[in-house]
There are 2 protein chains.
Amino acid sequence: MRMARAGLTADRVTLAGAELADEVGLDHVTMSAVARRLGVKDASLYAHVRNLEDLRGRIALLAADEKTIRIAEDTAGRAGKDALVAFANAYRAYAHDHPGRYTATQIPIQIDPELAARAPGPRRAVELTYGMLRAYALDEPDLTDAVRLVRSTLHGFVSLEAAGGFAHARPAEDSWARCLDALHTLLERWPARHEGDPT
Amino acid sequence: MRMARAGLTADRVTLAGAELADEVGLDHVTMSAVARRLGVKDASLYAHVRNLEDLRGRIALLAADEKTIRIAEDTAGRAGKDALVAFANAYRAYAHDHPGRYTATQIPIQIDPELAARAPGPRRAVELTYGMLRAYALDEPDLTDAVRLVRSTLHGFVSLEAAGGFAHARPAEDSWARCLDALHTLLERWPARHEGDPT
DNA sequence: GGCTTAACCTAATGTCATTAGGTTCAGATG
DNA sequence: CATCTGAACCTAATGACATTAGGTTAAGCC
């Protein structure tokens, strides 16, 4: 009495891991749990994925791709504050919808370079960010600094929110909107270097 | 031939865990490893700490306390941009010096409430942040929004930096300085709500 | 119909987390 | 000083997991 083959592949395993991550948290994504979900023995997974760390890396890349696609869709044809808000909301929405996947993208990168090279997500995300800021007409190195500031703020907010850091009375939603306003204003009048500062 | 007693206590175990976290990363902090470092059997730790999760929670609280103290020291007697920069630099320095401990503070909070109540760190940190922003004379709810923005930016930057997100040519150091400039400018001219916006 | 190649499986090893049920040391009590 | 007590440790055992080695078996190709 044999079961039919599950027809696994690296992508299928990764997807199962990603789903599990969203359901029970990334650090409860175990080989055993993924195998269980796929109706397969633990050892079978190793034919498709090098090991747990590799699986996590794949989940991270999958998440990066998905997130990028969503941002690209939502920012298409927009510019200026419109684009900034669309970008940020898409970013945050993805994190909300896929907390486990999003967490995976935070891991200090220890991903198979060969694999990473094939995944368009991370590179694409950087391009999108630079493109989104084009309307603010910043020159290097200010542009890079601005990109880093925006990324930091979005990631920081979403991350703290997920960790329960905003347990306060005021809805995170409202603070989010104000932060985006603030970012926009900031980008419009990016502070010139103080004359006194030697840097 | 018996060894001398190690004279353990919950705090000592926590400290060993924290040191280990900084050395090998928080998720390599295991009961076994901590026990090994203390020259004790795994089971002995359970007399001082409920379980792994509890240990991590204690490390997080320890880190929060330490970080808060450092920020308090460095911002004492300062105000305005001076205070902001001191605050931010102390924050970032702590994360650099104690990456494992810092990571522990990011965990979605699952800490024994009774324990958390005794730890002044988290509460103190919030107070310090509000105090630091006093110079900018914001009223609620803007003040809360500003606090959240600052926390998000600092945490996001440090977190991305630690994850290797700034692999670019431009030194993170320089971007950091510019981001603080930007935050300061932003706080000085916190954008008024747009007249058109119904919120 | 045999062959190759994946896709799976069984078995085994080693690391951890955690619990149960003792020892033993250090200091208070008599 | 003898002892009692509680905290500090230990041994032993169980049960997840991760990972490897060494088979089976299904599916498509000739």
Side-chain angles (χ1 to χ4, degrees), chain A residues 1-60 100 103-104 107-108 110-112 114-115, chain B residues 1-21 23-60 100 103-104 107-108 110-112 114-115 118:
Chain A
M1 164 104 192
R2 300 254 157 249
M3 294 291 290
R5 295 252 155 148
L8 290 194
T9 163
D11 286 343
R12 241 178 248 276
V13 173
T14 303
L15 185 58
E19 290 170 355
L20 206 55
D22 288 337
E23 292 167 16
V24 301
L26 182 65
D27 35 49
H28 290 94
V29 172
T30 130
M31 288 289 169
S32 312
V34 173
R36 215 145 35 213
R37 160 180 285 250
L38 291 168
V40 144
K41 296 295 177 183
D42 303 21
S44 306
L45 298 181
Y46 290 83
H48 309 284
V49 153
R50 204 190 312 283
N51 52 32
L52 219 209
E53 191 182 338
D54 180 44
L55 173 58
R56 288 183 187 215
R58 286 168 187 270
I59 294 175
T103 303
I107 328 177
Q110 187 69 41
I111 300 179
D112 180 18
E114 199 184 329
L115 204 68
Chain B
M1 162 109 190
R2 299 254 158 249
M3 295 290 291
R5 297 249 156 150
L8 290 194
T9 163
D11 286 343
R12 240 178 250 274
V13 173
T14 302
L15 184 59
E19 290 169 356
L20 206 55
E23 291 168 16
V24 301
L26 183 66
D27 35 51
H28 289 92
V29 172
T30 128
M31 288 289 168
S32 313
V34 173
R36 215 143 39 211
R37 159 180 285 250
L38 291 169
V40 143
K41 296 295 177 183
D42 303 19
S44 305
L45 299 182
Y46 289 84
H48 309 282
V49 153
R50 204 191 312 285
N51 52 31
L52 220 207
E53 192 182 336
D54 180 44
L55 173 57
R56 288 182 188 217
R58 286 167 187 269
I59 294 174
T103 303
I107 319 178
Q110 187 70 44
I111 300 180
D112 181 18
E114 198 185 329
L115 204 69
R118 256 197 304 275

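So you know, we letter chains A, B, ... as the sequences are listed, proteins then strands, and number each from 1. For clarity, every value in this text was computed on a predicted model and none was experimentally measured.
Judged as a side-chain contact (heavy atoms from CB on, under 4.5 Å), and not counting sequence neighbours, the contacts of A/Asp22 are A/His98, A/Pro99, A/Arg101. Every residue meeting the salt bridge (charged side-chain N to carboxylate O under 4.0 Å, His left out) condition with B/Glu23, not counting sequence neighbours, appears here in chain and number order: B/Arg37. Not counting sequence neighbours, the partners of B/Arg36 by the side-chain contact (heavy atoms from CB on, under 4.5 Å) test are B/Ser32, B/Ala33. Taking the side-chain contact (heavy atoms from CB on, under 4.5 Å) definition, one finds that B/Thr103 meets it with B/Leu26, sequence neighbours left out.
Separating the CG atom of B/Leu45 from the C1' atom of C/dC16 is a distance of 12 Å, rounded to the nearest angstrom. With rounding to whole Å, A/His28 atom NE2 is found 10 Å from D/dC17 atom P. Atom CG of A/Asp42 and atom P of C/dA7 are 18 Å apart (whole Å).
Sorted by residue number, the list of members of residues 15-24 of chain A with any non-hydrogen atom under 4.0 Å from DNA chain D is empty. Contact check of residues 46-58 of chain A against DNA chain D (heavy atom, cut-off under 4.0 Å) returns A/Tyr46, A/Asn51, A/Leu52.
Atom-to-atom distance recorded for B/Leu45:CG and B/Asn51:CG is 11.5 Å, nearest 0.5 angstrom.
The shortest heavy-atom contact between A/Leu8 and A/Val40 is CD1-CG2, 4.2 Å. The heavy-atom pair separating A/His48 from A/Thr9 by the smallest distance is ND1-CA, 3.7 Å.
Taking every side-chain heavy atom of A/Met31 into account, D/dA18 is the closest of D/dT20, D/dA18, D/dC10. Side-chain proximity of A/Arg36 to C/dC9, D/dC17, C/dT18: nearest is D/dC17. Residue B/Ser32 places its side chain closer to C/dC16 than to any other of C/dC9, C/dA20, C/dC16. When each of C/dA20, D/dC17, D/dA21 is scored by its nearest atom to the side-chain atoms of A/Thr30, the top-ranked nucleotide is D/dC17.
Put simply, the side chain of A/Leu52 does not reach to within 4.5 Å of the side chain of A/Thr30, judged on heavy atoms.
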